[in-house]
Amino acid sequence: MHVHLFSVKAKLRRLAFPLALLTAAAVGSEDARQLVARHVPWALTAECALAVFATVEVAVRELLLRLCGETHRCRIDGCRFRIRLTCPNAVQSRRWQEIAAAHPTHRLHHH
Ligand SMILES: [Zn+2]
């Protein structure tokens, strides 16, 4: 069970970026196709398709961040420094964890 879960996570990690891109491209081009069918000018169509592409890309990325994202926080009291990673592998995760623990300027909250 543990091994199975790990392989799913590894797959998600590898697919994260192309998946976000493909979904965004698919939704964006479908949107463009409908606009062209309604005789909307090309420049406007391209603009709309790009806007949809960007929106979907951000949404998919946000979803992936929730599924397999990691947040590393500084452990110093009162420091609000944190790093958000989208589906990192073990090496990346460890490296960013170390960076988060030893970042140079702590964002301390002065009262
Ligand atoms: Zn800090």
Side-chain angles (χ1 to χ4, degrees):
M1 191 59 194
H2 182 78
V3 175
H4 177 70
L5 264 177
F6 180 78
S7 78
V8 169
K9 264 192 98 177
K11 247 178 225 159
L12 254 180
R13 227 177 264 137
R14 223 172 316 131
L15 288 174
F17 189 63
L19 198 71
L21 223 60
L22 268 178
T23 312
V27 176
S29 62
E30 172 58 20
D31 195 63
R33 202 184 58 75
Q34 286 178 10
L35 288 175
V36 168
R38 283 175 206 156
H39 306 291
V40 174
W42 268 107
L44 197 64
T45 301
E47 211 171 295
C48 287
L50 276 176
V52 170
F53 176 86
T55 308
V56 175
E57 213 266 347
V58 168
V60 173
R61 208 176 275 269
E62 189 62 35
L63 179 73
L64 285 167
L65 203 62
R66 247 173 249 173
L67 283 174
C68 60
E70 283 176 21
T71 303
H72 296 302
R73 290 181 184 79
C74 175
R75 288 200 196 106
I76 289 190
D77 230 13
C79 180
R80 291 179 299 163
F81 181 87
R82 58 155 98 174
I83 296 168
R84 288 218 304 182
L85 303 169
T86 309
C87 309
N89 62 36
V91 176
Q92 285 172 324
S93 184
R94 171 65 62 86
R95 190 157 54 91
W96 283 105
Q97 194 173 17
E98 281 167 14
I99 291 170
H103 72 105
T105 45
H106 296 289
R107 291 185 203 158
L108 292 176
H109 211 60
H110 294 291
H111 297 286

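Read the numbers this way: they start at 1 and go in the same order the structure lists the ligands and their atoms.
For the Zn ion (ligand 1), the nearby protein N/O/S atoms, meaning those under 2.8 Å, are C74 SG, C79 SG, H103 NE2, H106 ND1.
Cysteines C87 and C68 have SG atoms closer than 2.5 angstrom.
By the 4.5 Å heavy-atom criterion applied to side chains, V36 and W42 are counted as neighbours. Under the 4.5 Å side-chain criterion, counting only non-hydrogen atoms from C-beta, C79 is in contact with H103.
Under the 4.5 Å side-chain heavy-atom criterion for ILVMFWY residues, a single connected hydrophobic cluster contains both V60 and V27. Cluster membership for L85 and I99, using ILVMFWY side-chain heavy atoms within less than 4.5 angstrom, is shared.
Heavy-atom minimum distance, C48 versus L35: CB-CD1, 3.5 Å.
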